[in-house]
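Below is one structure, written out as structure tokens; the observations come after it.
Every chain is numbered from 1, with letters handed out A, B, ... down the list of sequences.
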Amino acid sequence: DAGVIQSPRHEVTEMGQEVTLRCKPISGHDYLFWYRQTMMRGLELLIYFNNNVPIDDSGMPEDRFSAKMPNASFSTLKIQPSEPRDSAVYFCASKTRVAGELFFGEGSRLTVL
Amino acid sequence: GQNIDQPTEMTATEGAIVQINCTYQTSGFNGLFWYQQHAGEAPTFLSYNVLDGLEEKGRFSSFLSRSKGYSYLLLKELQMKDSASYLCAVISLYNQGGKLIFGQGTELSVKP
């Protein structure tokens, strides 16, 4: 079975550019999460969806960040404009039920110069 | 609010036993997870506790006390490959949907 698929795996961009990270959750999983991981702050929850609807976006740092889930098999996390402090590994994860195990993608490592 | 505390780092010897503690304060508690994360990789699931007591799975065991807001992960017969970060995570139903909040992680180094 395919796991959670994220792209790109690595992205290097310059400050001010738009960044779009993509995620395909495991088929049949109703919940999708976006996390950001840095050495300083650990694994932070940015936003999560249930049945394509955003449930909690309180972790989204600021208006520069936005996330969408147009259908059950695709989600995007967009940063516009990007800043150096956005440099981190962004993980997408999905699960099938409320208290179920969370399955992570391989992550997208973002470097903003 | 939510607060999860675990030690930043630990060191142990190959073949030994190590216990990684986690304390938490959260609303709407509905279970506690432990994840393992090797450097440069994604977190992977180790265990899930929702009731008090010990859950054993091979070399790894996890314990939960809900009244104390406390859990630990016990690793036996340590191997070099167990060197990794161990993340404690609490699931909260406060805002519906099973929001999973992670601690900072404990970096475990296993020495020969």
Q. Is it the backbone or the side chain of Q37(A) that comes under 4.5 Å from a heavy atom of chain B, or both, or neither?
A. side chain

Q | Shared-cluster residues of Y70(B), by chain and number - hydrophobic side chains joined below 4.5 Å | A | I17(B), L54(B), F63(B), Y72(B), L74(B)

**Q.** No-hydrogen, no-angle side-chain donor-acceptor test under 3.5 Å, Q17(A) and S82(A)
**A.** no

Q) Does R85(A) pair with E62(A) as a salt bridge, N-O distance under 4.0 Å? A) yes

Q. What part of Y35(A) gets closer than 4.5 Å to chain B, counting heavy atoms only: side chain, backbone, both or neither?
A. side chain

Q) Between P43(B), G40(B), G105(B), G103(B), which residue shows the highest count of heavy-atom pairs closer than 4.5 Å to chain A? A) P43(B)

Q: Could you tell me which residues satisfy side-chain hydrogen bond (donor to acceptor under 3.5 Å, both in side chains) with Q104(B), sequence neighbours excluded, listed by chain and number?
A: none

**Q.** By ring pair (Phe, Tyr, Trp, His ring centres under 6.0 Å) - contacts of Y48(B) (at least two apart)
**A.** F33(B)

Q: Give, as side chain, backbone, both or neither, the part of L45(A) having an atom under 4.5 angstrom from any heavy atom of chain B.
A: side chain

(Q) Assess whether a salt bridge exists between E83(A) and R64(A), defined as any Lys/Arg side-chain N lying under 4.0 Å from an Asp/Glu carboxylate O. (A) yes

Q. Should E14(B) and K81(B) count as an ion pair when the cut-off is N to O under 4.0 Å?
A. no

Q: Please confirm whether K24(A) makes a cation-pi placement over F74(A), using NZ or CZ under 6.0 Å from the six-membered ring centre and within 45° of the ring normal.
A: no

Q: Write out, in numerical order, the residues from residues 101-108 of chain A with a heavy atom short of 4.5 Å from a heavy atom in chain B.
A: E101(A), L102(A), F104(A), G105(A), E106(A)

